[in-house]
Student: 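Okay, here's the structure, questions in a sec.
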Amino acid sequence: MTDTAVQQRRAAYTANVAAAATALGLLAFAADSVDGVAGHVMVALTSSGLAWGLAAVLAGRYADATWRAITGATGLLVLATVLYYLLILLVSRRWSGGTLADGSSANMAGLRSVAVMTAVWLAGSLLAGPLLGLLGHAVRANSTRRAALAAGVACGLLSAEGWHAIVQAPPWRLLALGDPFFYGVAVGEIVRVVLPLAVLAWLVVAHRLGRDWPMLLAATVAAATAGALLWYALGLVQGA
């Protein structure tokens, strides 16, 4: 492949990452305004750890080098995060208006909240982006056994949020309540588990990982368990 072709391929990759980040930020922002079952499904597909993590994994998978997998996945998450919170700040302005009980302006409290959450998710992007990008790249670039390990870890981590939600509020109990709101919550939980498993099945077929299924299964279960525990710990910190 000539230098010109390589440069064109890399430029196309960068453009695709930027387009994916823009789409992710816009869709996540739009999902916040959708109610009912459709809203829960949209949040699961566009504004969740699953959606953003999957985007980072795919950015790593399509990169032609390790360092591009890292920068591509991380850049995608950072750009999507900045766009999402800029839209909240400038378009929806749901942070503004009113006065708090102590007489202070709700605007300042809202701005602080937006600033804190932006910083938290940017930090998360900088931490998770390189890992997920490397896992995605490893699926494509490594031997079958290592690719199976990377695919299992990636998809296990992507499904962890869903498993954590299911343990906290089993969907069959939510469905038994007969309330449309809880129907949506249950469907969102199921999507967060089923979609990563579907992605795993696709990777198994695309990269012929089936013969290493013991490694694949063990990696998926271990990563999903560890990830669910991390989501649980995050919930404790947020509730403290």
Side-chain angles (χ1 to χ4, degrees), residues 13-33 42-63 65-96 106-138 153-162 164-165 188 192 195-196 223 226-240:
Y13 174 80
T14 301
N16 288 335
V17 166
T22 302
L24 191 60
L26 290 172
L27 289 172
F29 177 74
D32 292 342
S33 62
M42 282 194 64
V43 167
L45 292 175
T46 65
S47 187
S48 65
L50 161 62
W52 291 49
L54 179 57
V57 168
L58 293 177
R61 180 181 180 271
Y62 288 105
T66 301
W67 70 272
R68 289 187 68 80
I70 294 173
T71 57
T74 305
L76 188 154
L77 294 180
V78 168
L79 180 57
T81 298
V82 171
L83 175 59
Y84 175 75
Y85 282 105
L86 278 177
L87 290 171
I88 290 176
L89 185 66
L90 302 176
V91 179
S92 71
R93 297 182 60 85
R94 59 177 182 255
W95 51 269
S96 63
N107 287 358
M108 292 304 300
L111 284 173
R112 282 195 297 270
S113 177
V114 172
V116 168
M117 293 311 300
T118 302
V120 167
W121 287 110
L122 282 176
S125 298
L126 294 174
L127 290 172
L131 172 62
L132 295 173
L134 284 174
L135 288 172
H137 185 66
V153 171
C155 292
L157 291 176
L158 293 179
S159 67
E161 184 183 11
H164 170 256
R192 283 177 168 89
L195 183 57
L229 291 175
L230 288 175
W231 279 104
Y232 177 73
L234 180 61
L236 292 179
V237 171
Q238 291 179 335

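One is the number of the first residue; the rest follow in order along the sequence. We use all heavy atoms of the structure for the numbers below, so side chains are in, but hydrogens, waters and symmetry mates are not.
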Student: Please name the pair of heavy atoms, one in A44 and one in G188, separated by the smallest distance, quoted to 0.1 Å.
Tutor: CB-O, 3.9 Å
Student: Quick one: does R68's side chain get under 4.5 Å of T14's, heavy atoms only?
Tutor: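 Yes, side chains in contact.
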Student: Decide side chain to side chain contact (heavy atoms under 4.5 Å, CB included) for V91 and F29; before the verdict, give the C-alpha distance in whole Å, the side-chain angles of both, and the deciding distance to 0.1 Å.
Tutor: CA-CA 10 Å; V91 179; F29 177 74; 4.0 Å; yes
Student: What's the separation between atom CG in L24 and atom CG in L83, rounded to the nearest 0.5 Å?
Tutor: 9.0 Å
Student: What pair of heavy atoms forms the shortest contact from S33 to A30, and how long is it?
Tutor: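 Scanning both residues, the minimum pair turns out to be OG-O, 2.8 Å.
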Student: Which heavy-atom pair separates A69 from H137 by the least distance, and what is that distance?
Tutor: CB-CB, 3.6 Å
Student: CG/L195 to CG/L50 distance, rounded to the nearest 0.5 angstrom?
Tutor: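 It comes to 5.0 Å.
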Student: Distance-only check: which donor-acceptor pairs under 3.5 Å involve side-chain atoms of residues 123-136, not counting sequence neighbours?
Tutor:
residue, atom, partner, partner atom, Å
S125, OG, T81, OG1, 3.4
S125, OG, W121, O, 2.8

Student: Hey, could you give me the CG/CG distance between L157 and L54, rounded to the nearest 0.5 Å?
Tutor: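 Result: 12.5 Å between the selected atoms.
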Student: Give me the atom names and distance for the closest heavy-atom approach of L79 to A21.
Tutor: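 In this case the closest contact between L79 and A21 is CD2-CB, 3.6 Å.
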Student: Compare every heavy atom of L76 with every heavy atom of A59, then report the nearest pair and how far apart it is.
Tutor: CB-CD1, 4.2 Å
Student: W52 and A28: which non-hydrogen atoms are nearest, and at how many Å?
Tutor: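 That would be CZ2-CB, 4.0 Å.
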Student: Measure the OH-CE distance between Y84 and M117 for me, rounded to the nearest 0.5 Å.
Tutor: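 With rounding to 0.5 Å, OH (Y84) is 9.0 Å from CE (M117).
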Student: Taking atom CH2 of W231 and atom CD of E161, what is their separation to the nearest 0.5 Å?
Tutor: 4.0 Å
Student: Once rounded to the nearest 0.5 Å, what's the spacing between atom CZ of R192 and atom OG of S159?
Tutor: 12.0 Å
